[in-house]
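These numbers come from a predicted model, not from an experiment.
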Amino acid sequence: PGRTSDPTDTALLPALRGLRTALAAQRAERLVTAFRTLTAAAMVGDQVLFDRLVEQVVTLRGVDKSAVLVPSSVGSQLTLLPAAVLGFAHRSFPRKGLLVSPDSEWSLVLRGEARSWNRATGGKGLRRMLGAAVLCATPIKAESTVHGVLLAAITERECDQMASYEAFLEEMASFAGSLLHSRREWRTRLDEASTDAIAALPVGIAVSAPTEGVLLWSPTMERLLGVPRSATSGRPLERLLALALDTESAGSWLELVESAVQSQVPMHLWQQRLVRTDGTSLIANVTVAPVTQGPLLGGCVAMLEDITERALLDSDMERMRHLAHVGQLTAQIAHELRNPMTSIRGAAQILQQSAPDGPAADFVRIILQEVDALNRIADDFLDFARPLQLRLRPTELYPVLKSFATLWRPLCRERGIVFRLNCPKQLPILWLDSARINQVLRNLALNAVQAMPTGGRLALSVAHDDD
């Protein structure tokens with residue numbers, strides 16, 4: 001006191017420079033800590049990032065309140081709604097948010113300009129409403145996109161340090177904006193990759209929430225049930241199933257959903273036959289897993305696996321196993337039949353040798369032929385698993401047909417049927433299996449006789465075309 005001097009001649013100026021350096025170092029250290037905290041928060045979600053941002057702002061000396069406001073549009077009206085609030089009373093903000101008119105200072109903030117309100121710059125009504133002497137609003141932006149506004153209430157005694165506070169808040173808001181932009185870009189790419197992955201899955205997937213209805217309807221689900229994805233968003237799952245399936249199939253699925261949600265454990269329907277409303281059907285495995293936490297609590301994830309081809313293949317395999325058992329049984333029967341056939345053939349040969357020119361010689365010869373035919377059939381039964389092999393030989397057709405007519409004419413006479421053979425004796429030599437031709441004629445004649453229970457006419461006709 002009482003002494004005057006030039007400040008440049010004293011130690012005051014170096015002290016001020018040292019203090020400025022110390023404050024800059026402290027600010028840099030605080031920013032590093034804040035950035036680490038915000039980076040970890042951004043990995044969790046937007047809300048956690050906003051909460052950590054206001055917490056870090058309030059740690060500054062002279063800042064006792066902070067909030068993050070996000071823009072919201074209702075029709076043509078733009079408002080700012082509080083997303084994270086610390087220090088401010090929630091009732092301080094209007095229920096419908098802060099209105100952003102084209103000529104208001106909030107519109108300048110959303111355009112990317114930081115704004116401050118104090119006794120000198122105005123904003124008296126806003127400061128009174130929020131209970132703050134000094135307010136500083138900084139846009140949270142990245143890549144020219146404003147994601148929100150960082151609002152801080154600064155004590156009036158720190159008003160002379162506004163430039164420093166504004167710089168700190170701008171750095172915090174800019175870093176938070178970069179984190180939001182990177183996270184949303186990453187989520188967009190992840191959603192695109194997830195959509196491609198879900199579309200490539202052979203299993204249909206549907207996600208349903210208790211109040212929002214169906215949120216996800218995969219392309220495979222669309223293909224299997226025939227309900228397009230464009231018609232599923234927000235609609236209840238039961239209504240979509242009623243559109244796609246008949247009453248019984250939809251009811252079974254809805255019972256499964258109800259059981260899974262109530263018991264909080266996954267439920268399954270294995271090899272369920274689902275009938276579509278257009279009458280077609282599929283065989284599927286249905287799994288319903290409940291959502292046990294998060295915003296979709298009370299909802300479910302339904303998975304539909306089409307196993308129609310697999311079920312048909314299993315059915316074919318089962319039929320083949322059944323045929324294999326039938327073949328084994330048939331082979332055993334055929335083997336047992338060959339013993340009496342051998343005895344019959346032996347007896348017929350004795351008759352043929354004892355009276356080779358007798359009146360029954362033709363019938364004995366027919367008996368031998370039929371026994372041989374039965375033996376060949378037995379051989380076929382024994383060779384059931386092997387492909388049929390024809391024994392083709394140069395053969396005159398007339399003797400084969402005459403032998404067949406000699407056997408069937410008396411059989412037809414007993415049933416009141418007149419049998420007639422219309423066949424010229426002179427026919428070309430044919431390559432054929434006479435036993436198989438005889439078997440074919442026998443089956444045709446048997447069908448014809450059974451079709452005429454009251455009698456009739458049965459004619460076997462052969463014509464030769466010179467061409």
Side-chain angles (χ1 to χ4, degrees), residues 197-208 214 216-229 232 237-260 263 265-290 300-337 376-390 436 439-440 443-444 446-447 450:
I198 291 175
L201 289 176
V203 179
I205 298 176
V207 178
S208 176
V214 172
L216 172 65
W217 191 263
S218 72
T220 303
M221 188 72 82
E222 177 182 353
R223 177 176 57 83
L224 294 179
L225 295 185
V227 178
R229 283 182 291 171
T232 62
L237 181 61
E238 56 268 21
R239 185 175 299 178
L240 294 177
L241 294 180
L243 288 174
L245 303 173
D246 68 355
T247 304
E248 183 178 354
S249 300
S252 300
W253 195 327
L254 291 176
E255 288 179 5
L256 193 71
V257 171
E258 184 177 354
S259 300
S263 63
V265 295
M267 294 289 176
H268 310 277
L269 284 176
W270 303 118
Q271 296 186 354
Q272 181 76 10
R273 185 172 181 267
L274 301 177
V275 181
R276 303 183 183 95
T277 51
D278 61 1
T280 60
S281 64
L282 71 156
I283 302 173
N285 291 334
V286 182
T287 299
V288 176
C300 65
V301 178
M303 289 166 281
L304 178 66
E305 180 187 10
D306 185 7
I307 60 168
T308 304
E309 293 185 2
R310 190 195 314 168
L312 292 176
L313 181 60
D314 292 342
S315 177
D316 290 342
M317 293 296 294
E318 182 62 28
R319 185 171 63 87
M320 291 178 65
R321 284 193 290 268
H322 177 70
L323 289 177
H325 293 312
V326 172
Q328 292 177 358
L329 179 62
T330 302
Q332 292 177 359
I333 295 175
H335 181 72
E336 295 299 326
L337 284 176
R376 281 191 290 271
I377 293 173
D379 290 339
D380 291 339
F381 282 146
L382 292 173
D383 297 336
F384 184 76
R386 293 196 297 251
L388 176 65
Q389 293 182 352
L390 296 177
R436 297 299 177 189
Q439 186 176 357
V440 170
N443 292 334
L444 290 173
L446 182 60
N447 290 339
Q450 291 175 348

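In this structure, CD on E305 lies 11.0 Å from CG on L201, to the nearest 0.5 angstrom. Taken from CZ in R276 to OG in S249, the straight-line distance is 10.5 Å, to the nearest 0.5 Å. Between atom CE of residue M267 and atom CD of residue E258 there is a gap of 11.0 Å, rounded to the nearest 0.5 Å. Here SG of C300 is found 6.0 Å from CG of L237. Values are rounded to the nearest 0.5 Å. Taken to the nearest 0.5 Å, the CH2 atom of W217 stands 5.0 Å off from the CG atom of L240. Rounding to the nearest 0.5 angstrom, the gap separating the CG atom in D246 from the CG atom in D278 is 10.5 Å.
Closest non-hydrogen pair, Q271 versus N285, comes out as N-OD1, 2.8 Å. Here the shortest heavy-atom pairing between A244 and V227 reads CB-CG2, 3.6 Å. What you find for P228 and G226 is that their closest heavy atoms are CD-O, 3.7 Å. The two residues S281 and R273 have their closest heavy-atom pair at OG-NH2, 3.4 Å. The two residues P266 and P290 have their closest heavy-atom pair at N-CD, 3.8 Å. Annotation for T232 and V214: closest pair O-CB, 3.6 Å, computed over non-hydrogen atoms.
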Checklist entry - Run the side-chain contact (heavy atoms from CB on, under 4.5 Å) check on V275 and E248 step by step: do they pass? => result CA-CA 8 Å; V275 181; E248 183 178 354; over 6 Å; no
Next on the checklist: Run I205 and V301 through side-chain contact (heavy atoms from CB on, under 4.5 Å) and show every step you take.
Outcome noted: CA-CA 7 Å; I205 298 176; V301 178; 4.2 Å; yes
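In this view, R223 satisfies the side chain to side chain donor-acceptor pair (under 3.5 Å) rule with no residue, not counting sequence neighbours. Taking R239 as the reference, nothing meets the salt bridge (charged side-chain N to carboxylate O under 4.0 Å, His left out) condition, with sequence neighbours excluded.
For the pair S315 (side chain) and A311 (backbone), a donor-acceptor distance under 3.5 Å is absent.
Side-chain contact between L304 and L274 is present, with heavy atoms from C-beta onward closer than 4.5 Å.
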